[in-house]
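To start, the structure itself, in structure tokens.
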Amino acid sequence: MGASQKDFENAMNQVKLLKEDPGNDAKLKLYALYKQATEGPCNVPEPGVLNSISKAKWDAWNALGSLPKEAARQDYVEFVSSLSPSPKSCSLEGPGANRSLPESEDIVVTTEENITTIMFNRPTKKNALTNEMYQDIMLAMKAASKDNSTITVFTGSGDYYSSGNDLTNFMKISGDLKQVAKESSITLRKFVDSFIDFPKPLVAVVNGPAMGIAATVLGLFDAVYASNRATFHTPFSGLGLTPEGCSSYTFPKIMGRAKATEMLIFGKKITATEACAQGLVTEVFPDDSFQKEVWARLKAYAKNPPNAMRIGKQLIRSTEKENLHAVNAEECRVLQERWVSEECMNGIQNFLSRKAKL
Ligand SMILES: CCCC/C=C/CC(=O)SCCNC(=O)CCNC(=O)[C@H](O)C(C)(C)COP(=O)(O)OP(=O)(O)OC[C@H]1O[C@@H](n2cnc3c(N)ncnc32)[C@H](O)[C@@H]1OP(=O)(O)O
């Protein structure tokens, strides 16, 4: 008997939960089988060779010829099952006795001395944020907003804070590009909303470079402590993209329009010291004493009465909330269009082919 629609949907969900990148060949195969199973034989014009990602996807789909939808669905289910290890149970054990949900290797959540820390933990990829990490961060923030901690901290493991959105994310979601852009826009909106609405003091311990969305949402934090190794870089225009994370509103407000334009539109990278002078960073510390000094300070702050801190934050934030939600919605609407643009495809393609040019 062939795979049912339910088996097919389960397999699609399993793909989103893959812990390891299955590689480009597997992603193309998944894409092609998905399209064949849902739309039948390839029915769109062949993209130009300059558009190499779309062309590779088209080739993979077209190569399936007249394979019937049911057979493609079956092949998709079988292929996903060959990629997925049996699901791991959610455990609270492992490194860090205080580890709390969500369980994910790329996001580590710990609670200690009234501080819940959410750490980006994908150092070999400079802590670039995968689709799964966005979901896990939202879950972690939801849990942190309700736990007994008084302060929530974001930080990164390894030499980067985070290099922002993983530029291969789009290739990991099945479906046509417009649909992928729509889903990403919904994810982004919810993700940024979690920062806008976060009820407790939110602090970033920026241990190294912060790029893209990891840098922009800093404008929504209550304090940002940076190592002097940290840099702040939003190379959106080069990628055919536009500002997100409410930065089109927060950055001009924090640093003035001219400095915000240099960062957000011209892609100027700034140092921690410059970011501090411009108001994005609260304080900069020498890298060799950064962790010791910052954590000592945060542990002292975390002893403050929680309600006073929460209500104080509310007062600072409440007049802006409505604006921020409107800005977020508009930035996501614009990005949904940018993601399907040729400028964006070329920008991402340039990043992906950069290694080959070295
Ligand atoms: C759904 C929500 C969408 C929200 C949208 C947000 C917009 C953004 O955030 S745009 C993203 C902005 N970020 C970038 O443009 C960074 C791209 N990466 C780089 O420029 C460089 O990798 C680096 C400057 C961060 C580091 O360069 P370095 O030469 O020191 O190391 P690499 O060998 O390049 O990196 C190691 C390893 O990590 C991979 N990697 C790093 N960053 C990303 C990334 N953002 N996306 C995907 N992959 C990334 C890099 O490819 C390397 O992988 P391999 O070892 O497999 O080659």
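Treat the numbers as computed from the prediction; the structure is a model and nothing was measured. Atoms within a ligand are numbered from 1 in the order they appear, just like the ligands themselves.
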Does any N or O atom in [X] lie less than 3.5 angstrom from one in ligand 1, N or O only?
X: Asn165; value: yes
X: Gly212; value: no
X: Ser184; value: no
X: Thr187; value: no

Any side-chain heavy-atom pair of Val206 and Val281 under 4.5 Å
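In short, these two side chains do not touch, never coming nearer than 4.5 Å.
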Is a side-chain N or O of Arg338 found less than 3.5 angstrom from the main chain of Thr242, in a donor-acceptor match?
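Not confirmed, Arg338 side chain does not pair with Thr242 backbone.
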Does Val205 offer a backbone N or O that forms a donor-acceptor pair with the side chain of Thr155 under 3.5 Å?
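Yes, the answer is positive, given that a donor and an acceptor are paired below the 3.5 Å cut-off.
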Do other residues, nucleotides or ligands put more than 12 heavy atoms under 6.0 Å from Gln5 CD?
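Check passes, neighbour count above 12.
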Counting neighbours of CZ on Arg317 that are heavy atoms of other residues, nucleotides or ligands and sit closer than 6.0 Å, is the number greater than 12?
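More than 12 within 6.0 Å, yes.
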Minimum distance, heavy atoms only, to atom 24 (C) of ligand 1: which one of Phe351, Phe170, Phe236, Tyr160 is it?
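The option holding the nearest heavy atom is Tyr160.
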Return the option from Arg354, His233, Lys125, Arg122 holding the heavy atom at the smallest distance from atom 41 (C) of ligand 1.
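Shortest heavy-atom distance from atom 41 (C) of ligand 1: Lys125.
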Residue from Thr116, Asn148, Thr152, Thr117 passing side chain to side chain donor-acceptor pair (under 3.5 Å) with Thr111
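Going through the options one by one, the only one that passes is Thr116.
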Test side chain to side chain donor-acceptor pair (under 3.5 Å) applied to Lys200 and Thr150, Asp222, Asp147, the passing residue
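Output: one option passes, namely Asp147.
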Atom indices of ligand 1 within 4.0 angstrom of [X] heavy atoms, with elements:
X: Leu188; value: 2 (C), 4 (C)
X: Leu167; value: 11 (C), 15 (O), 17 (C), 44 (C), 46 (N), 47 (C)
X: Leu239; value: 10 (S), 15 (O)
X: Gly164; value: 9 (O)
X: Asp166; value: 46 (N), 47 (C)

Using a 4.0 Å heavy-atom cut-off, which part of [X] comes near ligand 1: side chain, backbone, both, or neither?
X: Ala128; value: side chain
X: Thr124; value: backbone
X: Trp339; value: side chain

Determine the sole option in Val192, Ile186, Thr187 for which the side chain to side chain contact (heavy atoms under 4.5 Å, CB included) test with Lys190 is passed.
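When Val192, Ile186, Thr187 are each tested with Lys190, the side chain to side chain contact (heavy atoms under 4.5 Å, CB included) holds only for Ile186.
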Any chance you could lay out the side-chain contact (heavy atoms from CB on, under 4.5 Å) test for Asp106 and Asp136, step after step, and finish with the verdict?
CA-CA 9 Å; Asp106 295 337; Asp136 281 347; over 6 Å; no
